[in-house]
Asks: 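Before I ask anything, here is the structure I am working with.
Throughout, numbering of the chain's residues begins at 1 and tracks the sequence.
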Amino acid sequence: MNALTVTHLAKAFGGVKAVADVSFALRKGEFLALIGPNGAGKTTCFNMLSGHLKPDSGSVKLGDTELVGLSPRKIWRLGVGRTFQITETFVSMTVRENVQMALISHNRRTLSFATRATRLYREEAAALLARVDMASQAERPAAELAYGDLKRLELAIALAHAPTVLLMDEPTAGMAPSERLALMALVSSIVREEGVSVLFTEHDMDVVFTHADRILVLNRGTLIAEGSGPEIRANPLVQEVYLGGGSVFSAGHADA
């Protein structure tokens with residue numbers, strides 16, 4: 001069974017078809033990339049998968065469960081996590097406290113005057129921070145973190161909710177090239193070891209071709225190609241869409 005099955009998904013804004021009849025499957029334990037030029041419809045597609053935007057038509061199924069029509073919170077509760085292009089953390093809290101709050105939410109704990117949030121799930125938070133190589137920064141305020149470390153913290157927060165599917169919208173945006181590859185190597189290892197299924201958008205083609213099991217290419221709201229890295233590199237239509245027939249997917253090239 002697929003982890004996520006998308007069928008005939010469509011969304012228009014006025015007369016503009018942002019996403020048109022898109023169908024694909026995310027396999028269990030797969031690291032799947034969704035790429036395309038700016039304005040291709042990637043973020044619109046992500047917003048429909050996570051419930052932040054209602055499709056005009058189509059189906060999104062998590063296993064056998066239909067997600068279309070459910071709120072983002074219900075979809076998250078069912079096991080679909082998400083990270084965003086712009087990191088979302090509590091900057092007034094420490095790194096550890098950010099993860100603790102995610103664990104408190106996941107476990108539906110209610111707090112009383114006698115229960116301090118900082119006392120709950122300390123060991124679990126420490127384990128998650130170790131998993132993303134952030135254990136040494138657990139007591140630092142999130143506001144002091146470098147951008148690459150904020151991305152790692154956001155990943156730990158997402159993992160605190162024990163997702164079966166993780167949607168990552170440009171996870172390496174704003175990071176240095178070496179940081180990008182390191183972060184995605186970390187995510188890839190989590191996919192392999194824990195069986196999380198990941199769908200991600202990305203503008204760095206080195207990251208895509210190094211780590212993705214399979215690649216989907218979106219252009220003007222339409223899925224124009226899917227396949228392995230070598231198949232996508234050799235696809236004439238993909239070459240045309242990106243660079244007008246020139247050599248595409250050289251290091252650091254192409255927008256997603």
Side-chain angles (χ1 to χ4, degrees), residues 1-28 30-88 154 158 161 163-174 196-205 207-208 212-227 232 235 237-238 240-242 254-256:
M1 182 184 294
N2 295 320
L4 196 70
T5 305
V6 177
T7 309
H8 302 306
L9 203 63
K11 183 67 180 180
F13 299 98
V16 178
K17 292 183 178 179
V19 173
D21 197 28
V22 166
S23 298
F24 65 89
L26 172 64
R27 300 162 187 158
K28 285 191 174 181
E30 185 177 32
F31 203 30
L32 178 63
L34 177 64
I35 67 171
N38 289 331
K42 302 182 299 298
T43 298
T44 299
C45 189
F46 260 53
N47 285 338
M48 288 190 286
L49 300 183
S50 62
H52 289 85
L53 191 63
K54 186 176 181 180
D56 294 334
S57 59
S59 169
V60 179
K61 287 189 174 181
L62 178 68
D64 291 326
T65 303
E66 179 61 62
L67 301 184
V68 171
L70 300 182
S71 68
R73 184 170 183 81
K74 286 184 178 179
I75 292 173
W76 166 72
R77 282 287 181 201
L78 287 169
V80 180
R82 181 171 178 179
T83 66
F84 294 83
Q85 292 182 33
I86 301 173
T87 56
E88 296 188 347
E154 187 183 36
H161 299 294
T164 56
V165 169
L166 182 58
L167 307 175
M168 304 184 75
D169 194 0
E170 295 203 22
T172 71
V196 179
S197 304
V198 176
L199 174 66
F200 71 102
T201 66
E202 182 54 58
H203 69 281
D204 188 318
M205 293 298 105
V207 168
V208 170
D213 296 318
R214 194 162 50 96
I215 302 166
L216 308 173
V217 185
L218 201 62
N219 185 48
R220 297 182 180 178
T222 301
L223 195 62
I224 62 168
E226 67 175 283
I232 295 300
N235 187 296
L237 181 55
V238 175
E240 183 66 29
V241 162
Y242 268 97
D255 270 338

Asks: Is it the case that the side chain of K42 and the backbone of F200 share a donor-acceptor pair, with hydrogens and angles ignored and the cut-off at 3.5 Å?
Replies: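 Side chain of K42 to backbone of F200, a donor-acceptor pair under 3.5 Å: no, none is there.
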Asks: Drop me the distance from F24's CZ to L199's CG, to the nearest 0.5 angstrom.
Replies: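 Here the rounded value is 5.0 Å.
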Asks: Looking at residues at least two apart in the chain, or sitting in another chain, which of them share a side-chain contact (heavy atoms from CB on, under 4.5 Å) with S50?
Replies: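 For S50, the residues satisfying side-chain contact (heavy atoms from CB on, under 4.5 Å) (neighbours in sequence not counted) are H52, R82, L167.
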Asks: Give a yes or no answer on whether the side chain of T201 reaches the backbone of E170 with a donor-acceptor pair at less than 3.5 Å.
Replies: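 Answer holds: yes.
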Asks: Nearest 0.5 Å, what's the CE-OG1 distance between M168 and T83?
Replies: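 Between M168 CE and T83 OG1, I get 4.0 Å after rounding to 0.5 Å.
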Asks: Might you point out which heavy atoms bring C45 and L9 nearest each other, and give the distance in Å?
Replies: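 Closest approach of C45 to L9: SG-CD2, 4.3 Å.
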Asks: By the definition side-chain contact (heavy atoms from CB on, under 4.5 Å), identify the one residue from L34, V208, L32 that meets it with I215.
Replies: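 The single option meeting the side-chain contact (heavy atoms from CB on, under 4.5 Å) with I215 is V208.
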Asks: Using side-chain contact (heavy atoms from CB on, under 4.5 Å) as the criterion, list what pairs up with N235, not counting sequence neighbours.
Replies: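 For N235, the residues satisfying side-chain contact (heavy atoms from CB on, under 4.5 Å) (neighbours in sequence not counted) are A225, L237, V238.
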Asks: Measuring from atom CG of D169 to atom CD of E202, what distance do you get when rounded to the nearest 0.5 angstrom?
Replies: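 Taking CG in D169 and CD in E202, the distance rounds to 10.0 Å.
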Asks: Quick one: list whatever passes salt bridge (charged side-chain N to carboxylate O under 4.0 Å, His left out) with K11, sequence neighbours left out.
Replies: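 D56.
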Asks: Considering all heavy atoms of both residues, which atom of T5 and which atom of T7 are nearest to each other, and what is their separation?
Replies: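 That closest heavy-atom pairing would be CG2-OG1, 3.9 Å.
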Asks: With a 3.5 Å cut-off and sequence neighbours excluded, list the donor-acceptor pairs that the side chains of residues 63-70 form with protein atoms.
Replies:
residue	atom	partner	partner atom	Å
E66	OE1	S59	OG	2.6
E66	OE2	V60	N	3.0
E66	OE2	V68	N	3.1

Asks: If you round to the nearest 0.5 Å, how far is CG of N219 from CD1 of I224?
Replies: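 Reported value, rounded in 0.5 Å steps: 5.0 Å.
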Asks: State, to 0.1 Å, how close V196 and P163 come at their nearest heavy-atom pair, and which atoms those are.
Replies: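 Closest approach of V196 to P163, heavy atoms only: CG2-O, 3.7 Å.
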Asks: Could you tell me which residues satisfy salt bridge (charged side-chain N to carboxylate O under 4.0 Å, His left out) with D21, sequence neighbours excluded, listed by chain and number?
Replies: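 Expected list: none.
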Asks: Please name all residues satisfying salt bridge (charged side-chain N to carboxylate O under 4.0 Å, His left out) with E30, sequence neighbours left out, ordered by chain then number.
Replies: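 Counting only residues at least two positions away or on another chain, E30 forms a salt bridge (charged side-chain N to carboxylate O under 4.0 Å, His left out) with R27, R214.
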Asks: Within this structure, what is the NZ-CG distance for the pair K28 and L4, rounded to the nearest 0.5 Å?
Replies: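 Reported to 0.5 Å precision, the distance equals 12.0 Å.
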Asks: Distance check, rounded to the nearest 0.5 Å: N38 atom CG versus H203 atom NE2?
Replies: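 That separation rounds to 10.0 Å.
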Asks: Which pair of heavy atoms, one from A33 and one from A212, lies closest together, and at what distance?
Replies: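 Where A33 meets A212 most closely, the heavy atoms are CB-CB, 3.8 Å.
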Asks: Apply side-chain contact (heavy atoms from CB on, under 4.5 Å) to residues M205 and I35 and explain how you reach the verdict.
Replies: CA-CA 9 Å; M205 293 298 105; I35 67 171; 4.0 Å; yes
Asks: What are the two closest non-hydrogen atoms of A3 and L62, and how far apart are they?
Replies: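 Result for this residue pair: O-CD1, 3.4 Å.
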Asks: What closest approach, in Å, do G221 and V22 show between heavy atoms, and which atom pair accounts for it?
Replies: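 Answer, listing the atom of G221 first, then V22: O-CG2, 3.4 Å.
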